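Below you'll find the structure, written out as structure tokens, and then a few comments.
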Amino acid sequence: MSEKPLPFIYQFVSGAAAGVSELLVMYPLDVVKTRMQLQVGSGTGSGVAYNGVIDCLGQIVKREGFSRLYKGISSPMLMEAPKRATKFACNDSYQKMFKDLYGVDKLTQQISILSGSLAGVTEACVIVPFELVKIRLQDVNSKFNGPMEVVFKTIRETGILSLYNGLESTMWRNAFWNGGYFGVIFQIRALLPKAKTNTEKTTNDLIAGTIGGYCRYSTEHTILSVVKSRIQSGATTTLADGTVVPKYNWTWPSLFKIYSEEGFTALYKGFIPKILRLGPGGGIMLVVFNGMMAFFQEMKYGK
């Protein structure tokens with residue numbers, strides 16, 4: 001017998017708990033990823049060069065202190081509830097919508113991919129300002145003391161709509177990211193032995209979520225993540241007439257600019273710390289989300 005659908009508020013709380021749990025464990029790798037993605041050429045513009053994940057972690061702790069590994073976490077913490085809630089709740093809602101639209105009772109991989117992609121696009125509209133603040137706080141050259149300083153200075157200097165710089169690249173990234181994530185999870189669950197106990201279900205979720213987390217960081221997502229970080233960093237360039245303009249604007253022109261100036265490998269900066277985070281992080285999120293949903297199912301409807 002299939003589980004009864006839960007109201008949106010339960011999905012929201014479960015998604016938020018999943019996101020916050022993953023963030024608290026994996027955030028230092030996100031700082032490392034951003035530092036490496038913003039590093040132009042062999043340096044960062046401040047005389048600091050990172051040669052890998054361990055080197056970057058060591059230099060941050062040595063030069064700036066251990067707490068710097070968590071600088072900017074307040075913005076993603078505020079973002080996690082709406083971000084993960086939107087991701088999981090919208091995915092569930094889109095799955096129900098497409099099953100009704102196509103007249104099927106069971107979830108298919110095609111519906112999983114389509115629902116995940118649309119959930120990612122919807123999620124992008126929620127998270128972009130938070131992502132922009134996080135990127136600018138994590139930058140090694142950052143002079144900001146906190147998220148509100150980033151927000152007010154950005155609005156004062158370039159207008160309120162500039163908080164949505166990087167929306168287009170985030171939509172592209174999230175469409176690939178979430179479509180792959182939920183599509184792979186569906187396939188892995190179908191291949192695993194059917195769970196008979198809660199422990200086996202948790203194990204299956206951890207395996208499916210971890211593999212989904214690794215697979216979603218596909219070639220397209222790797223490249224788009226670098227482009228998004230560059231756009232949201234606020235980097236500028238000076239034209240021949242002295243006019244200062246944003247160095248990176250739209251996704252595809254920015255992609256070719258990075259390639260032409262720094263080479264193909266620059267599009268994969270931050271790959272290692274990101275991949276180290278996404279596998280375990282995807283597993284943590286799926287286990288916590290499904291555990292919370294199971295708890296709410298039992299609380300509301302009983303066993």
Side-chain angles (χ1 to χ4, degrees), residues 30 33-45 79 83 86-87 90 94 113-136 138-139 141 154 157-184 213-241 243-275 277-278:
D30 189 68
K33 179 265 301 181
T34 300
R35 290 289 183 90
M36 296 178 75
Q37 287 181 339
L38 296 182
Q39 180 171 292
V40 178
S42 60
T44 63
M79 175 178 66
K83 175 181 179 179
T86 301
K87 175 193 183 76
C90 286
Y94 286 137
I113 294 172
L114 183 56
S115 299
S117 296
L118 287 178
V121 171
T122 306
E123 177 190 11
C125 297
V126 176
I127 69 173
V128 167
F130 296 96
E131 289 268 358
L132 182 142
V133 171
K134 176 179 73 71
I135 293 295
R136 294 190 180 181
Q138 289 178 339
D139 190 343
N141 299 308
T154 301
E157 293 183 351
T158 52
I160 192 168
L161 291 180
S162 64
L163 291 174
Y164 277 85
N165 285 351
L167 175 61
E168 177 232 6
S169 58
T170 306
M171 285 181 168
W172 281 107
R173 183 198 70 168
N174 281 19
F176 284 115
W177 181 333
N178 288 290
Y181 179 60
F182 288 108
V184 169
Y214 279 124
C215 290
R216 74 181 180 176
Y217 201 54
S218 61
T219 301
E220 295 89 347
H221 177 261
T222 305
I223 294 171
L224 292 171
S225 182
V226 173
V227 172
K228 181 197 76 70
S229 293
R230 293 291 183 91
I231 292 173
Q232 292 187 319
S233 70
T236 59
T237 188
T238 303
L239 302 179
D241 62 0
T243 304
V244 178
V245 297
K247 186 174 182 179
Y248 308 102
N249 279 308
W250 300 99
T251 301
W252 305 110
S254 297
L255 187 154
F256 291 118
K257 180 186 288 288
I258 296 169
Y259 171 75
S260 64
E261 293 182 350
E262 303 171 52
F264 182 75
T265 56
L267 296 171
Y268 287 86
K269 287 184 175 181
F271 178 84
I272 299 299
K274 190 69 176 181
I275 208 73
R277 178 185 182 184
L278 283 180

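Any value given below was found using the heavy atoms of this structure, including those in side chains, with hydrogens, waters and symmetry copies removed. Everything numeric here is computed off the predicted structure, so don't read it as measured data.
- Of all the heavy atoms in Ser233 and Leu38, the pair that sits closest is CB-CD2, 3.7 Å.
- Taking 4.5 Å as the limit, every side-chain heavy atom of Lys247 sits out of range of all side-chain heavy atoms of Thr236.
- At distances below 3.5 Å, not a single donor-acceptor pair connects side-chain atoms of Lys269 with backbone N or O atoms of Val226.
- Side chains of Ser169 and Arg230: a donor-acceptor N/O pair is absent below 3.5 angstrom, by distance only.
- Considering every non-hydrogen atom in both Gly120 and Asn178, the closest pair reads CA-ND2, 3.1 Å.
- Taking 4.5 Å as the limit, some side-chain heavy atom of Tyr248 sits within range of a side-chain heavy atom of Ile258.
- In this structure, CG on Leu167 lies 11.0 Å from CG on Leu161, to the nearest 0.5 angstrom.
- Under a cut-off of 6.0 angstrom, the local environment of CG in Leu239 is crowded, with over 12 non-hydrogen atoms contributed by other residues, nucleotides or ligands.
- To the nearest 0.5 Å, atoms OG (Ser225) and CG (Leu267) are separated by 11.5 Å.
- Taking every heavy atom of both residues into account, Thr237 and Pro246 meet most closely at CG2-O, 4.4 Å.
- A donor and an acceptor atom, one from each side chain of Thr170 and Glu131, are nowhere located under 3.5 Å apart.
- Looking at heavy atoms from C-beta onward, Ile113 lies out of side-chain contact with Phe182 at the 4.5 angstrom threshold.
- The pair Asp139-Arg35 does not count as a salt bridge, with every side-chain nitrogen at least 4.0 angstrom from each carboxylate oxygen.
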* Hey, mind stepping through Ile127 and Asn174 against side-chain contact (heavy atoms from CB on, under 4.5 Å) and telling me if it holds? -> CA-CA 11 Å; Ile127 69 173; Asn174 281 19; 3.9 Å; yes
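- A 4.5 Å side-chain heavy-atom check between Lys33 and Ile272 finds every atom pair outside the cut-off.
- Ser117 places a side-chain N or O within 3.5 Å of a backbone atom of Ala175 that can act as its donor or acceptor partner.
- Listed here is the closest heavy atom pair of Thr158 and Ser162: OG1-OG, 2.7 Å.
- A distance of 8.0 Å separates CD of Glu168 from CH2 of Trp252, quoted to the nearest 0.5 Å.
- A donor-acceptor pair under 3.5 Å is absent between the side-chain atoms of Arg173 and the main chain of Lys228, judged by distance alone.
- Side chain of Gln232 to backbone of Arg136: no donor-acceptor contact under 3.5 angstrom is found.
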* Asked: side-chain contact (heavy atoms from CB on, under 4.5 Å) between Val121 and Met171: does it pass, once the steps are laid out?
  -> CA-CA 5 Å; Val121 171; Met171 285 181 168; 4.3 Å; yes
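- Between Leu118 and Cys90, every side-chain heavy-atom pair lies at or beyond the 4.5 Å cut-off.
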* Quick one: do Leu224 and Phe176 satisfy side-chain contact (heavy atoms from CB on, under 4.5 Å)? Show the steps, please. => CA-CA 9 Å; Leu224 292 171; Phe176 284 115; 3.6 Å; yes
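- Checked against the 6.0 Å centroid criterion, the rings of Trp250 and Trp172 do not qualify as a close aromatic pair.
- When side chains are defined from C-beta on, Leu163 does not count as touching Val128, because their heavy atoms never get closer than 4.5 Å.
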